[in-house]
Q: 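What follows is a single structure, and I will ask about it in a moment.
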Amino acid sequence: MSKIRKKMRLLLFLLICQCAINSVEAYSASSPSLILLMADDLGIGDLGCYGNRTLRTPNIDRLAEEGVTLTHHIAASPLCTPSRAAFLTGRYPIRSGKWHLGMNCERSNDFCHHPLSHGFDYFYGLTVTNLRDCKPGQGSVFLKGVQKSLVIPLQITGITLVSLAVVHYIGLLSVPFRALGYCFLIATISLVVLIFFFYCFRHLNCFLMRDHQIIQQPLSYENLTQRLTKEAVQFIERNTNVQFLLVLSYLHVHTALYASKNFRGKSKHGLYGDAVEEMDWSVGQILDVLDKYNLSDKTLVYFTSDQGAHVEEISSSGEVHGGYNGIYKGGKATNWEGGIRVPGLLRWPGMIQAGSYLDKPTSNMDIFPTVVKLAQAQLPSDRIIDGHDLMPLLQGKVTQSNHEFLFHYCNAYLNAVRWHPGNSESVWKVFFFTPNFSPEDSNGCYDSHVCFCHGRFITWHDPPLLFDLSTDPEEKVPLTPKTERHFYEILRVIHLAIENHTRSLHAVPNQLSWDNLLWKPWLQLCCSSLFQSCYCDHDS
């Protein structure tokens, strides 16, 4: 009898173990670890899996071979900000690479916009952006801004003073000499201060941080991608036994362009190509460490870009940027397809069909609700979330994207709207205004370096331009009431959608207001005294 009881107990124990194993497997299947890889200004035509045959991107292409390739994937709208979106908090260990969402609100140490204030457990990277000013020999974005806002007015002031002095000297007009002297002194001091500030402190925003500490100012590009990758790999190795969320936001391929020694001069597309291939190497390191610790089947990997390639970018030495947006028109800072249609690759072996393609409208905004759902968390209920959970579409449980409408903004201005009716294969897109390319027959705004959204830089269209992207993805031939019999009906539906969309918007504080930019200099971070030119290096 006792033997029978022992066998029953053993059987019961084995059943409990099996149930526990099954529950763990089910939990792992529904709640993977998550790795989000974000390139900066990478053209959809720069990758082998999207048709490029001259750049070597085997590791990113591997994501396509082992996962889903999104061919109608759209960069996030400017409205996808903390005011409308949110961040996943309190669930997984989290780290980040490039943040680009600011730092402080009222004090230099309140860190209100810092990653650690928005659910991240660890941060290594840049809280601002990557500028030419940060790399010697790459020219200056800051200088251009100074020239436009300050140098030209000072030049006008100087010419005016000289002119007044001349007319006073020849007797055409009597001007108090003392007043002329004071004006000349003020203009001279302003110019000296401006030159001193530019040459001594133009690198102030070029710094690398670990958590709340600046560890390198100014930023050094030497082996920077290797350092970011090493941090990411070590993070995965520290969390092999727990679920994690890793956000690795690359500096590649935003200017200033750079590449480490092992990649410099190796591609067929100059420094830009070198940077793309170095980023591909980094993706390979991430995939290799997942394989090493048998985490590949337990991890959803997502790769994308924040916008298309910056086609107008030319280095100070005259080297063309080199980004390629494939068949699509325009580039970064426009809502032509070349500016907003970006790579979208998702891999989760066993859960997403390998080697498949999805040509339905999707968006970078979809990643947040997808991550929240996979983390078994709840979306915020106090705001509208612009994205949708991608998993039903990726797994073939539904065939239609939840994005019936996508709204495309140029800064604060609604520029274009995309409509994918549920009963049609057509994807309609209307433009209310378009940028004026310069030269006129080019594919970008080369005279101004980037396309703007107002005034003489744009052309308004009445009626709006209409394209059917399902038949004209290159946006070559606008439709008219003569060529599209539903022309006015399409515009009517889109205008109704805009009315509903507009009612859902709420104003939020502008971090880039003149009040913040000019009158809060104490928000500027400096790892040493100003007299030491804000210099430190703890990350050599």
Side-chain angles (χ1 to χ4, degrees), residues 40-43 74-81 100-102 128-133 138-153 156 205 253-256 305-316 320-321 323 325 328-342 406-418 429-462 464-465 467 475 478 498 502 505 507-508 510-518:
D40 197 339
D41 299 351
L42 178 71
I74 306 303
S77 162
L79 290 177
C80 187
T81 62
H100 207 339
L101 289 177
V128 282
T129 189
N130 172 30
L131 292 174
R132 287 184 176 192
D133 299 76
Q138 288 287 304
S140 173
V141 174
F142 180 79
L143 178 58
K144 287 183 179 180
V146 168
Q147 286 176 330
K148 289 180 180 179
S149 59
L150 294 174
V151 172
I152 293 176
I156 293 173
N205 282 321
V253 279
H254 190 287
T255 50
S305 177
D306 67 336
Q307 54 194 334
H310 190 176
V311 295
E312 301 95 346
E313 183 71 35
I314 299 176
S315 73
S316 57
V320 177
H321 188 252
N325 294 316
Y328 303 111
K329 187 175 183 177
K332 172 181 177 175
T334 78
N335 282 308
W336 293 111
E337 291 297 282
I340 57 177
R341 196 178 292 216
V342 294
L406 280 167
F407 302 92
H408 306 304
Y409 280 77
C410 188
N411 289 344
Y413 310 104
L414 182 61
N415 183 195
V417 178
R418 182 183 312 252
K429 183 179 176 185
V430 299
F431 273 100
F432 302 107
F433 64 84
T434 51
N436 297 329
F437 285 165
S438 54
E440 189 174 340
D441 59 348
S442 69
N443 190 43
C445 305
Y446 292 90
D447 292 348
S448 56
H449 181 70
V450 69
C451 293
F452 295 108
C453 311
H454 60 277
R456 63 182 178 84
F457 300 103
I458 63 172
T459 297
W460 285 92
H461 302 285
D462 186 16
L465 298 184
F467 298 92
E475 299 171 297
I498 291 172
T502 303
L505 303 180
V508 295
N510 181 8
Q511 292 184 42
L512 297 179
S513 66
W514 285 111
D515 180 54
N516 281 344
L517 292 175
L518 296 180

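The shown structure was predicted, so the numbers you read here are calculated from the model rather than taken from an experiment.
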Q: Between Leu406 and Val417, does a side chain to side chain contact (heavy atoms under 4.5 Å, CB included) hold up when you go through it step by step?
A: CA-CA 6 Å; Leu406 280 167; Val417 178; over 6 Å; no
Q: Taking the six-membered ring for Trp, are His454 and Phe457 closer than 6.0 Å centroid to centroid?
A: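 Yes; Phe457 has its ring centre under 6.0 Å from that of His454.
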Q: With the threshold set at 4.0 Å, does a side-chain nitrogen-carboxylate oxygen contact exist between Glu312 and Lys332?
A: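 Looking at Glu312 and Lys332, the cut-off is not met.
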Q: Between Asn325 and Val311, is any pair of side-chain heavy atoms under 4.5 Å apart?
A: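 Yes. Closest side-chain heavy atoms under 4.5 Å.
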Q: Once rounded to the nearest 0.5 Å, what's the spacing between atom SG of Cys410 and atom CZ of Phe452?
A: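 It is 10.0 Å, given to the nearest 0.5 Å.
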Q: Does the pair Phe467 and Leu465 meet the rule for a side chain to side chain contact (heavy atoms under 4.5 Å, CB included), with working shown?
A: CA-CA 7 Å; Phe467 298 92; Leu465 298 184; 4.0 Å; yes
Q: Roughly how far apart are Tyr409 OH and Asn415 CG, rounded to 0.5 Å?
A: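 Reported to 0.5 Å precision, the distance equals 10.5 Å.
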Q: Starting from the C-alpha separation in whole Å, work towards a yes-or-no answer on side chain to side chain contact (heavy atoms under 4.5 Å, CB included) for His254 and Asp306.
A: CA-CA 10 Å; His254 190 287; Asp306 67 336; over 6 Å; no
Q: For the residue pair Cys453 and Tyr413, what are the closest heavy atoms and their distance?
A: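 The answer is O-CD1, 3.7 Å.
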Q: Does a side-chain heavy-atom distance below 4.5 Å link Asp41 with Gln307?
A: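 They are in side-chain contact.
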Q: In Å and rounded to the nearest 0.5 Å, what is the OG1 to CG distance from Thr434 to Asn335?
A: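 Rounded to the nearest 0.5 Å, the OG1-CG separation comes out at 11.0 Å.
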Q: When rounded to the nearest 0.5 angstrom, what is the spacing between CD in Glu475 and NZ in Lys329?
A: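 Those atoms lie 7.0 Å apart.
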Q: Could you go through His310 and Thr255, starting from their C-alpha distance and side-chain angles, then the distance that decides it, and tell me whether this counts as side chain to side chain donor-acceptor pair (under 3.5 Å)?
A: CA-CA 9 Å; His310 190 176; Thr255 50; 5.5 Å; no
Q: Not counting sequence neighbours, which residues clear side chain to side chain donor-acceptor pair (under 3.5 Å) with Ser305? List them please.
A: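 If we apply the side chain to side chain donor-acceptor pair (under 3.5 Å) test to Ser305, skipping adjacent residues, there are no hits.
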Q: Could you grab the distance from atom CZ of Arg341 to atom OH of Tyr328, nearest 0.5 Å is fine?
A: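 Interatomic distance, Arg341 CZ to Tyr328 OH, rounded to 0.5 Å: 4.0 Å.
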Q: Which value, rounded to the nearest 0.5 Å, describes the distance between Phe437 atom CZ and Thr459 atom OG1?
A: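 Interatomic distance, Phe437 CZ to Thr459 OG1, rounded to 0.5 Å: 11.0 Å.
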Q: Can you confirm whether His408 sits close enough to Ile74 that some side-chain heavy atom of one is under 4.5 Å from a side-chain heavy atom of the other?
A: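 Yes - at least one pair of side-chain heavy atoms lies under 4.5 Å apart.
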